[in-house]
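Accompanying notes for the structure given below.
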Number of protein chains: 2
Amino acid sequence: MCEDLQMAPRDSAGKTLADYPRPSVAVDTAVLTVRDGRLCVVLVEDGRRLPGTFLHEGETLADAVDRALLTKAGLRGEHPTQLHVFDDPGRDERGWVLSVAHLVAVPALRLEELPAGVVLTRVTGVGTLDFDHNQILDLAVERLRADYRYRPDPGALLDEPFTLRELQHLHEGVAGQRLMRDTFRRRMEPQLVATGDYHRGSVGMPARTFVRPRDEIRAER
Amino acid sequence: MCEDLQMAPRDSAGKTLADYPRPSVAVDTAVLTVRDGRLCVVLVEDGRRLPGTFLHEGETLADAVDRALLTKAGLRGEHPTQLHVFDDPGRDERGWVLSVAHLVAVPALRLEELPAGVVLTRVTGVGTLDFDHNQILDLAVERLRADYRYRPDPGALLDEPFTLRELQHLHEGVAGQRLMRDTFRRRMEPQLVATGDYHRGSVGMPARTFVRPRDEIRAER
DNA sequence: CAAATAGTGTCTTTTAGACACTATTCG
DNA sequence: CGAATAGTGTCTAAAAGACACTATTTG
């Protein structure tokens, strides 16, 4: 044990890492989706907070996010995007806790059945959340909107293949406003790969279907 | 002491925060400037790494950055922008260390005299740095370029008042390429406040001088 | 006056917005 | 056929790129 200390690397003050107090590090994640044309977020603890957990030793932040989503919301295989570290020393009354905010986009179909206490809420109808989770949510929404502004479906929210109409409906949900059909088509069509197949709706001319280009998957930054 | 444990808030597993191992959290900062028309970065340890330090208890990340810049590079009163958390469990051989990368822009005039071991190096000439500091530097450069793309001087790198020529020269340094005079002027002039005064260079027509609009300061995101 | 820099005008190309028209399908 | 949706063309307005011309100063 004494040897351990002797061997441990020392910094410029001659101290080892163990000599400094360390913060707890949490990850909190805004899981966003578009359901019925509205942007929604997964909340736990009966709608009071975002799913989160403490970072474990030897684990990456992304792994901690995945673990939190699996244990708290029953979701697996997501691809979190890191947003920001919230570091106000008084943000958590339990002690010194940093929170690394994350964003995950999940197709609404995968959020049909949620564990008890977990709810899917429209982002416009979210009340006051615990800690600084309202701030995290705002940041996540802003980021998702920025990601969708110029790309078809960086979060892979749509099942392939999809029509331009379905894609535009998704975008309108994310943006929270109507979009112009002509401009939308001009912007998105060059970034999509046509399947050659058609989708037949209830009425109207059949629509071409598309898939995401192979290199666009997970370019969510 | 037993009471302490009794009183401490517990999580869903009935454990207190103290029961979990915690990582050390460092801040590492790319201090960027434009000197002689070239984008440069402040390196410590004889050019091997970015200035950084460990986060202290009760301190914000921004405060830790300021402390690191003061003690390692003699800089004070900066406004760090948070970039990203680097969390590879093996990134620091000393142990479990997360690094929160930051960006700070500093006018070249304030970097004329640096402590021993601290150097100002062109970003194009930076070799292999310790840890993942090359990644942090790349991210910082990318971010500074994005910040300057559509705004006159979000990092307050220029002394006021300045001419459009001086501003364009700064932008060319940040971007690492020449810019078109007409387009640059059209983009920037509406975002500047004319002083009404003129700057007289060695030859040529006197140039109008400008200051940043009051609300642009520290809009670096 | 020549060189250098600042300021302005304008032509073209590109892009975005707005709208109209045609095409195909279902009930 | 009529309503609904898809696909396409085109006019206009705004922005960006490219270039030219005028204005003012120093040496």
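We name chains A, B, ... by the order of the sequence lines, and we start the count at 1 in each one. These numbers come from a predicted model, not from an experiment.
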Find the distance A/Gln168:CD to D/dA4:P and express it as a whole number of Å.
17 Å
Contact under 4.0 Å: B/Arg208 side-chain N or O vs C/dA6 OP1/OP2
no
Might you confirm whether atom CZ of A/Arg149 has over 12 heavy atoms from other residues, nucleotides or ligands at distances under 6.0 Å?
no
Under 4.0 Å: is that the gap between some side-chain N or O of A/Arg181 and OP1 or OP2 of D/dA6?
no
Could you work out which one of D/dT25, C/dT8, D/dA6 sits closest to the side chain of B/Pro206?
D/dT25
Point-to-point distance, once rounded to the nearest 0.5 Å, from CG of B/Leu167 to OG1 of B/Thr163:
8.0 Å
Phosphate oxygens OP1/OP2 of C/dG17: is one of them under 4.0 Å from a side-chain N or O of A/Thr183?
yes
Do the ring planes of A/Phe86 and A/His84 sit parallel (below 30°), tilted (30 to 60°) or perpendicular (above 60°)?
perpendicular
A/Tyr198 OH to C/dT25 P, straight-line distance once rounded to whole Å
10 Å
Among D/dT26, C/dG7, C/dG17, which nucleotide has an atom closest to any side-chain atom of B/Met205?
C/dG7
Both A/Arg187 and A/Gly204 contact DNA chain C. Which one's nearest nucleotide lies toward the 5' end?
A/Arg187
Nearest-Å distance, NE2 (A/His199) to P (D/dG7)?
11 Å
N or O in side chain of B/Arg186 less than 4.0 angstrom from D/dA16 OP1/OP2:
no
Atom CZ of A/Arg200 to atom C1' of D/dG7: distance rounded to whole Å?
15 Å
Rounded to the nearest angstrom, tell me the gap between atom CZ in A/Arg185 and atom P in C/dT15.
19 Å
Within this structure, what is the CD-to-P distance between B/Glu166 and C/dA6, rounded to whole angstrom?
9 Å
Inspect the surroundings of CZ in A/Arg122 and state if more than 12 heavy atoms from other residues, nucleotides or ligands are less than 6.0 Å away.
no
If you only use heavy atoms from C-beta on, which nucleotide in D/dA6, C/dT5, C/dA6 is closest to the side chain of B/Val203?
C/dT5
Nearest whole angstrom, please: distance from the P of C/dT5 to the CZ of B/Arg165.
5 Å
Tell me if the CZ atom of A/Arg67 is crowded by more than 12 foreign heavy atoms within 6.0 Å.
yes
Between B/Met180 (CE) and C/dT12 (C1'), how many Å, whole number?
13 Å
